[in-house]
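To start, the structure itself, in structure tokens.
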Amino acid sequence: MGKLVVILGSTGSGKGVLIQHIREVRPDFLYPRSCTTREMRAGEIDGDQYFFLAKEEFERRIAAGDFLEWAHFGENLYGSLKSEILLPLQEGKTLLLELDVQGVRSLQKMIPSEQIITIFVDAGSWAELERRVRARAPISDSELAKRKKRYEDEVTFKDEATHVVVNATGKLDEAKREIDAIINAL
Ligand code: 5GP
């Protein structure tokens, strides 16, 4: 029986660094690519973590039934592809996905609960997260307000997650050890 490991957590939670860590220590897991309509960031490669699609193409693929789930996140659309997930899951592989709360809730309706492991990366209060986000790059008040709203949405999942990994400032190594313990016991 295959497994879907889903990582959640708001921007600034350090989720990306922990996912990178898992990629390094578990090359045997699969890392399915998602589709998104957001702009590519510097250093990103199309088809590596995401397929970058125009909105019309994304909508065409929704209509074609290509997505297992899709969601609006901020101004953009994100979706995971059936073609990247269903067959490997049937073959018994372990797959790691990064989804927002809407995405996980949709998957939970489609995939048996024994096959979904959710890991919520908890970086503490909004005040702490705001400090981190501001330290990373300049940010406008309206963008910050959007992040706060997303933080509030994401945090609603914390009590439902299979595991909560605390990623406090300056404690990244501990968070990595906690992640290792979880993924090595799957
Ligand atoms: P970013 O734009 O920073 O790469 O991703 C923003 C957020 O989009 C991620 O933190 C994750 O919560 C969400 N996301 C990424 N891929 C998917 C996907 O395939 N489906 C859903 N529902 N959310 C996704």
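Both counts, for ligands and for their atoms, begin at 1 and track the order of listing. Because the structure is predicted, anything quoted here is derived from the model rather than measured. When reading the values below, keep in mind they use all heavy atoms of this one structure, side chains included, and skip hydrogens, waters and symmetry mates.
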**Message:** We want to know whether E160 and T118 form a side-chain donor-acceptor pair, criterion being a heavy-atom distance below 3.5 angstrom.
**Reply:** no
**Message:** According to salt bridge (Lys or Arg N to Asp or Glu O under 4.0 Å), who are the partners of K82, at least two apart in sequence or on a separate chain?
**Reply:** none
**Message:** I want to check a possible cation-pi pair here: R33 against Y50, using under 6.0 Å from ring centre and within 45° of the ring axis as the test.
**Reply:** no
**Message:** Please determine whether side chain to side chain donor-acceptor pair (under 3.5 Å) holds for the pair S34 and S80, giving the CA-CA distance in whole Å, both sets of side-chain angles, and the decisive distance to 0.1 Å.
**Reply:** CA-CA 5 Å; S34 290; S80 41; 5.3 Å; no
**Request:** Starting from L186, walk the hydrophobic network (Ile, Leu, Val, Met, Phe, Trp, Tyr; side-chain heavy atoms closer than 4.5 Å) and list everyone else you reach, by chain and number.
**Result:** V5, I7, V17, L18, I19, I22, V25, F29, Y31, L96, I117, I119, V121, V165, L172, I179, I182, I183
**Request:** For ligand 1, list the protein residues that place a heavy atom within a distance below 4.0 Å of one of its atoms, sorted by chain and number.
**Result:** K15, S34, R38, R41, Y50, E69, A71, F73, Y78, G79, S80, E98, L99, D100, G103
**Item:** Test ring-ring contact (aromatic ring centres under 6.0 Å, His included) applied to F120 - qualifying residues, sequence neighbours left out
**Value:** none
